[in-house]
Amino acid sequence: MWWRIAQVSLLERQECPLKPIISSARHPRPAAVVPSGSRWPRRVAALGTAVALSVSLATAAAAAPDPKPGAAGNGLAIAKVKAGTKAERQKLMDLGLDVIDLTDTHAEVLLRGAADRAQLAGGHWQVEQVSDATDQLAAMAADRVTEARREAARRANPTSRTLAAGLPSGRVSYRTLDEAEQEMRELERGYPDKVKVFELSRKSLLGHAILGMEISSDVRADSGKPVFLTTGLHHAREWPTLEFTMEFARDVLQNYATDSHIKGLVDSSRLIVVPAVNPGGYQLSRDLTNEMKRKNCRVAAGRVPTRQQCAAASSQQLGVDLNRNYAAFWGGPGSSASTTAETHYGAAPTSEPEIAALTDLLNSRQVVVAVNNHTPDARLLRAPASPLEPVPAEVALYDGLARQLGAALGGWPTGPWPDVYYVASGVAEQEGLYANGTLGFTPELTPGHDGLERFHPRYQYVIDQYRGTGYYAGSSIRDALLIAWDAANDPRTHSILTGSAPPGIELTISKDVTVNSSPVDRNGRSVVLPSALHIQSTMRVPAGGRFEWHVLPSLRQSQQTSTLLQESWVVSCRNSAGEVQRSVRVTIGRGETKAVDMSGCPAG
């Protein structure tokens with residue numbers, strides 16, 4: 001059961017008096033990086049000519065041929081850099097270069113041209129190898145052609161056993177954005193009582209609607225059920241994340257009638273799936289215009305680009321890292337002010353419409369648990385992500401769930417970002433926790449591959465990771481998502497408001513909160529940028545007049561200390577003229593149930 005709570009570090013136990021619900025044996029704190037003897041050995045990819053000497057980057061750059069420009073290689077090379085300590089690895093990350101792999105001894109850095117090489121050379125890093133990526137990208141493109149042919153054959157003969165895949169859809173190739181969106185609409189038509197496709201509150205930077213799906217029995221009723229959210233493609237090149245979210249949605253719908261576990265979840269809670277947070281970046285990556293694009297299409301702060309401007313060779317390194325653009329702790333360690341850095345945080349908190357849209361979603365849906373899928377590093381991450389954060393006040397509950405997810409993924413290193421990965425600021429887990437009280441997680445999926453292939457390996461690895469079979473035997477994202485959804489549905493992870501009100505009326509729950517950025521430089525002064533947020537959601541009182549509303553706790557995690565802020569919800573109703581008729585303040589903690597008297601509301 002997911003709520004088996006593991007013991008936490010001595011520091012966390014000292015600062016957090018919460019007792020585990022059910023204790024278990026202590027898990028040793030995992031290393032900061034995956035050891036070289038990881039259970040998934042690197043799958044050797046097709047790399048170009050390499051210089052395999054322990055030399056400085058300046059020497060390596062002179063000795064290795066310059067990557068060939070053009071559509072195949074885009075001028076890309078991979079440098080293997082010696083980085084034997086956690087401090088060295090963090091220092092390398094802080095350069096803003098595209099660090100694509102970290103082990104306990106080395107890092108691999110994707111170099112996009114002479115400027116990247118010069119920046120690395122300026123730090124006098126020990127570079128042991130520089131490899132032209134052209135051949136590898138060509139091999140990956142060939143894989144896409146092979147997969148597309150197999151997918152076409154599967155569609156032409158869907159009953160063929162030799163072509164049948166282990167996914168609910170049967171797919172054997174990566175979806176395009178158009179295919180994913182068309183499939184979402186088809187699922188809505190096929191399951192009209194259980195699927196509602198919706199557009200997020202804002203379009204992407206290039207003006208593309210960001211689509212989500214809500215899945216629940218009687219999905220169009222505003223019934224106040226607990227909510228589980230899962231997302232894909234914060235980072236454009238991490239293609240498997242779209243696949244996992246799409247397959248999970250289809251899996252749930254196909255198995256509703258025969259799987260009592262899934263039926264119970266769909267009947268009693270609500271699943272929200274946002275497969276492509278970054279649609280503009282994904283289109284450029286998926287059609288191989290800029291296959292290694294990580295960020296969105298921002299070319300210049302405050303300006304809306306065209307697709308052509310985003311696709312231009314001069315824009316290859318530009319854009320905002322959407323998973324550094326959330327408001328809570330924005331601009332802090334592990335993110336960069338440089339517009340060419342792969343961790344560029346943008347002009348301001350939630351400056352990017354894609355993240356403003358995700359923030360609006362969090363602020364309107366009472367999301368209890370969120371899983372934000374990424375690739376490719378075999379870790380399960382939770383807050384804190386930055387050294388500026390406190391240990392969460394509810395760390396026992398939060399860490400216990402994290403360890404259950406990590407176990408479902410094959411015993412991956414699990415815990416706060418800095419402990420098992422690297423430092424980051426302005427990420428989804430921070431926003432969810434400090435603004436809303438959402439328990440958020442980042443799994444780093446489809447690990448074990450070399451070079452550029454690690455971000456979206458051959459499609460068979462997507463199939464294996466979804467089911468926990470083959471190459472990823474015992475590591476199933478499907479199992480992890482079900483555990484997270486179970487947790488969202490459990491009353492110990494959220495709060496419940498009960499009461500009576502006239503049948504059919506709409507109740508509103510709301511509060512105003514402020515989350516702060518990290519200290520950032522503004523004209524030579526260190527300042528903190530506040531973001532004022534209005535959190536509000538609604539439910540419709542059922543015909544019997546009794547309601548049970550599953551909401552997030554009103555008590556909110558402090559950004560400064562390991563305490564909960566003593567805040568209250570305002571529960572209200574309005575008359576036919578839109579005026580507030582009754583308003584009640586309620587203070588409620590996680591795991592609590594409280595009655596709210598709304599009997600004075602006008603009849604619906």
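Every heavy atom of this structure was used, including side-chain atoms; hydrogens, water molecules and symmetry mates were not. Predicted model, so just to flag it, every value in this text is computed and none were measured.
With 3.5 Å as the limit, one finds a donor-acceptor pair spanning the side chains of D287 and T289. Side chains of D321 and T343: a donor-acceptor N/O pair is absent below 3.5 angstrom, by distance only. Between the side chains of S169 and E247, at least one donor-acceptor pair of N or O atoms lies under 3.5 Å. Donor-acceptor pairing under 3.5 Å is recorded for the side chains of T340 and S338. At a cut-off of 3.5 Å, with distance as the only test, a side-chain donor of R171 or S173 sits close to an acceptor on the other residue. Using modelled atom types, one finds a donor on one side chain and an acceptor on the other under 3.5 Å when comparing E291 with H456. Side-chain atoms of T230 and N373 form a donor-acceptor pair, as typed in the model, at a separation below 3.5 Å. Looking only at atom types and distance, the side chain of Q430 has a donor-acceptor partner in the side chain of E389 under 3.5 Å away. Side-chain contact of N436 with Q366: a donor-acceptor pair under 3.5 Å is absent, judged by distance alone. Q129 and S131 form a side-chain donor-acceptor contact under 3.5 Å, judged by distance and modelled atom types alone. Residues N278 and E354 have side chains that never bring a donor and an acceptor to within less than 3.5 angstrom of each other. Side chains of Y459 and D143: a donor-acceptor N/O pair is absent below 3.5 angstrom, by distance only. With 3.5 Å as the limit, one finds no donor-acceptor pair spanning the side chains of H344 and Q317. Side-chain atoms of N325 and S351 form a donor-acceptor pair, as typed in the model, at a separation below 3.5 Å. Side chains of D178 and T176: no donor on one and acceptor on the other come within 3.5 Å. For the residue pair H534 / D512, a side-chain donor-acceptor distance below 3.5 Å is found, with atom types taken as modelled.
Considering all non-hydrogen atoms of both residues, A276 and L242 come closest at CB-CD1, 4.2 Å. Closest of all the heavy-atom pairs between A79 and L111 is CB-CD1, 3.8 Å. Nearest approach of R117 to A77, heavy atoms of both residues: NH2-CB, 3.8 Å.
Between E188 and K196 there is no salt bridge, since no side-chain nitrogen of the basic residue lies less than 4.0 Å from a carboxylate oxygen of the acidic one. For the pair E151 and R154, the salt-bridge criterion is met [side-chain N within less than 4.0 Å of a carboxylate O]. Of the charged side-chain nitrogens involved, none lies within less than 4.0 Å of a carboxylate oxygen, so that E147 and R458 do not count as a salt-bridged pair. Ion pair K82/E128 not flagged as a salt bridge, since none of the NZ, NE, NH1 or NH2 atoms sits closer than 4.0 Å to an Asp/Glu carboxylate oxygen. No salt bridge links R454 with E444; every basic N to acidic carboxylate O contact stays at or beyond 4.0 Å. The pair E342-R112 meets the salt-bridge criterion, with a side-chain N (NZ, NE, NH1 or NH2) lying under 4.0 Å from an Asp/Glu carboxylate O.
Y174 pairs with exactly one of W239, Y282, Y461, F244 by the ring pair (Phe, Tyr, Trp, His ring centres under 6.0 Å) rule, that one being W239.
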Checking R382 against E429 for the salt bridge (Lys or Arg N to Asp or Glu O under 4.0 Å) test, could you report, in this order, the C-alpha distance in whole Å, the side-chain angles of both residues, the deciding distance, and whether it holds? CA-CA 6 Å; R382 64 163 174 88; E429 286 75 41; over 6 Å; no
So V195 and R189, side-chain contact (heavy atoms from CB on, under 4.5 Å) or not? Walk me through it. CA-CA 8 Å; V195 179; R189 289 192 293 270; over 6 Å; no
request  = Apply the test salt bridge (Lys or Arg N to Asp or Glu O under 4.0 Å) to residues E183 and R175: give CA-CA distance (whole Å), side-chain angles for both, the deciding distance (0.1 Å), then the verdict.
outcome  = CA-CA 10 Å; E183 186 176 341; R175 294 164 171 87; 2.8 Å; yes
Take E352 and N296 through the side chain to side chain donor-acceptor pair (under 3.5 Å) test and state the conclusion after the steps. CA-CA 9 Å; E352 305 313 293; N296 77 346; 2.9 Å; yes
Residues F329, Y434; criterion ring-ring contact (aromatic ring centres under 6.0 Å, His included); working and verdict
CA-CA 9 Å; F329 291 100; Y434 296 101; 5.2 Å; yes
D98 vs R294, test: salt bridge (Lys or Arg N to Asp or Glu O under 4.0 Å). Steps then yes/no. CA-CA 9 Å; D98 195 351; R294 166 184 166 97; 5.5 Å; no
**Asked** When you look at E88 and K91, which way does the salt bridge (Lys or Arg N to Asp or Glu O under 4.0 Å) test go after all the steps?
**Response** CA-CA 5 Å; E88 286 177 335; K91 182 180 178 182; over 6 Å; no
Query - R202 vs D360, side-chain contact (heavy atoms from CB on, under 4.5 Å): CA-CA, chis, key distance, verdict - result: CA-CA 9 Å; R202 311 174 198 222; D360 289 345; 2.9 Å; yes
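A distance-only check finds a donor-acceptor pair linking the side chain of D464 to the backbone of Y471 [under 3.5 Å]. T359 places a side-chain N or O within 3.5 Å of a backbone atom of I355 that can act as its donor or acceptor partner. In this structure, the side chain of K293 does not engage the main chain of G280 through any donor-acceptor pair within 3.5 Å. With hydrogens and angles ignored, the 3.5 Å screen pairs no side-chain donor or acceptor of K203 with any backbone N or O of L206. In this structure, the side chain of K86 engages the main chain of P418 through a donor-acceptor pair within 3.5 Å. For the pair Q90 (side chain) and Y422 (backbone), a donor-acceptor distance under 3.5 Å is absent. A distance-only check finds a donor-acceptor pair linking the side chain of E431 to the backbone of A328 [under 3.5 Å].
Few gaps surround CZ on R220; more than 12 heavy atoms of other groups in view lie less than 6.0 Å from it.
Remark: R237 qualifies as a cation-pi partner of F455 under the 6.0 Å distance and 45° angle criteria applied to the six-membered ring.
Considering only heavy atoms from C-beta on, S204 stays 4.5 Å or farther from C297 through its side chain. Contact annotation: the side chain of W412 approaches that of P447 to within less than 4.5 Å [non-hydrogen atoms, C-beta and beyond].
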